[in-house]
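Remember, it's a predicted structure, so these values are computed and weren't measured experimentally.
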Amino acid sequence: MTYCVGLLLNEGMVCLSDTRTNAGLDNISTYRKMFTFTVPGERVITIMTAGSLSVTQTTLARLEEAAGDEDATPHTSILQAPTILQVAEIVGRALSDTSREVASRMGANASSASASMILAGQRKDGDMRVFLIYPEGNFIEATADTPYLQIGEHKYGKPILDRVVTPETSLADAKKAVLLSMDSTIRSNLSVGMPLDLVVIKKDALKITEQRRIEAQDPAFAEMSNAWSEALKDAYTRIEI
């Protein structure tokens, strides 16, 4: 399992993903679930993945191959598509085709050949857009009413986002919100875990403005997690019924 979240704000976009694919007492595997594609000054795209690793890795490989093909066209390449909406359509087709192909080979286990993606991006002279792409290739888009999208094990990290995130949220506060959302998820679900990948894209920058890997022993993340736990405990003790 996994947890990924993407925020669409007036100031920019914030994306965060974990890297755990399975977990047990003696079997923990990590794989990157966040991928970035940039043509500086022209477009920036971030894709996060959840679900079948076979499906997501094959889909990303096909998208990368299509983008690098000398015969690529705006209909086939996410680096040439004229709008981010059309980028989402290309990604949706690739995900749907791959899901069907993998499922056809799995027989009784076909239902496990499922994956979803979050796409965040902006093209020159275009708006910032964030999409959640389903296994079937269709998608929904983040809006001012719902300025964030989640995939994977999302229920534990949703309450804080509902309470604090609006389009007017600053990028600094947005980073704090997604990290606390992830911290809540990690504490409640063994299938989500460190390290984490964080990307921030400022509006109209058309490049990745901040990108970092947060390791398990990261002191800033640990301090934030502890402070949040103490704040919750304090609030709990002060509430009377």
From Ser170 OG over to Asn10 CG, what is the distance, rounded to the nearest 0.5 angstrom?
-> 11.0 Å
Do Val39 and Ile78 sit in the same hydrophobic cluster, where Ile, Leu, Val, Met, Phe, Trp and Tyr count as joined when their side-chain heavy atoms come under 4.5 Å apart?
-> yes
Taking every non-hydrogen atom, the tightest pair across Thr76 and Ile90 | O-CG2, 3.8 Å
Rounded distance (nearest 0.5 Å) linking atom CG of Leu180 with atom CE of Met224 = 4.5 Å
Residue set satisfying salt bridge (charged side-chain N to carboxylate O under 4.0 Å, His left out) with Glu11, at least two apart, ordered chain then number -> none
Flag side-chain contact, heavy atom, 4.5 Å: Val192 against Met182 = yes
Working to the nearest 0.5 Å, report the span between CZ of Phe37 and CG of Leu119.
-> 9.5 Å
Distance-only, no hydrogens or angles: does the Ser96 side chain make a donor-acceptor pair with backbone N or O of Gly92 under 3.5 Å?
-> no
With Ser77, which residues qualify under side chain to side chain contact (heavy atoms under 4.5 Å, CB included), at least two apart?
-> Ala67, Ala72, Leu79, Gln80
Just how far is it from atom OG1 of Thr166 to atom CD of Glu168, taken to the nearest 0.5 Å?
-> 4.5 Å
Minimum heavy-atom separation for Pro195 to Thr19, with atom names?
-> O-OG1, 2.9 Å
Please list, chain by chain and in numerical order, all residues satisfying salt bridge (charged side-chain N to carboxylate O under 4.0 Å, His left out) with Arg105, sequence neighbours excluded.
-> none
With sequence neighbours excluded, give me every salt bridge (Lys or Arg N to Asp or Glu O under 4.0 Å) pair touching residues 115-127.
-> Glu42-Arg123
Is it true that a side-chain atom of Thr56 and a backbone atom of Leu53 form a donor plus acceptor pair closer than 3.5 Å?
-> yes
In short, Ala88 meets Ile133 closest at the heavy-atom pair O-CD1, 3.9 Å
So OG of Ser225 and CD1 of Ile186: to nearest 0.5 Å the spacing works out to 8.5 Å
Whether Ser52 side chain and Ala115 backbone form a donor-acceptor pair below 3.5 Å = no
Passing option when Val164 is tested against Ile160, Leu161, Asp162 for side chain to side chain contact (heavy atoms under 4.5 Å, CB included) = Ile160
Going by the salt bridge (Lys or Arg N to Asp or Glu O under 4.0 Å) test, which pairs reach into residues 187-200, not counting sequence neighbours?
-> Arg32-Asp197, Asp183-Arg187, Asp197-Arg213
For Thr185 and Gly157, work out which heavy atoms get closest and say how close.
-> OG1-N, 3.4 Å
Grouping ILVMFWY residues whenever side-chain heavy atoms fall under 4.5 Å, the cluster of Ile118 otherwise contains Leu8, Met13, Met34, Val44, Met48, Met128, Val130, Leu132, Tyr134, Ile140, Leu149, Ile151, Val199, Ile201, Ile208
Glu141: partners by salt bridge (charged side-chain N to carboxylate O under 4.0 Å, His left out), with sequence neighbours left out = Arg129
Qualifying salt bridge (Lys or Arg N to Asp or Glu O under 4.0 Å) pairs, either residue in residues 50-74, two or more places apart = Arg62-Glu101
Please name all residues satisfying side chain to side chain contact (heavy atoms under 4.5 Å, CB included) with Lys175, sequence neighbours left out, ordered by chain then number.
-> Val14, Leu198, Val200, Glu210
Inter-residue atom distance Gln150.CD - Tyr3.OH, 0.5 Å rounding = 4.0 Å
Which pair of non-hydrogen atoms, one from Leu9 and one from Ala174, has the smallest distance, and what is that distance?
-> CD1-CB, 3.3 Å
Which pairs count as salt bridge (Lys or Arg N to Asp or Glu O under 4.0 Å) when at least one residue sits in residues 229-241, sequence neighbours excluded?
-> Glu230-Lys233, Asp234-Arg238
Note, Leu196 side chain near Phe221 side chain (heavy atom, < 4.5 Å) | yes
Test ring pair (Phe, Tyr, Trp, His ring centres under 6.0 Å) applied to Phe131 - qualifying residues, sequence neighbours left out | Phe139
Return yes if some donor-acceptor pair links the side-chain N/O of Gln57 with the main-chain N/O of Ala61 below 3.5 Å, else return no.
-> no
Any idea which heavy atoms bring Ile47 and Met117 closest together, and the distance?
-> CG2-SD, 3.9 Å
Report the residue from Thr2, Asn189, Ile214 that forms a side chain to side chain contact (heavy atoms under 4.5 Å, CB included) with Asp18.
-> Thr2
Partner residues of Asp97 under the salt bridge (charged side-chain N to carboxylate O under 4.0 Å, His left out) criterion, sequence neighbours left out | Arg100
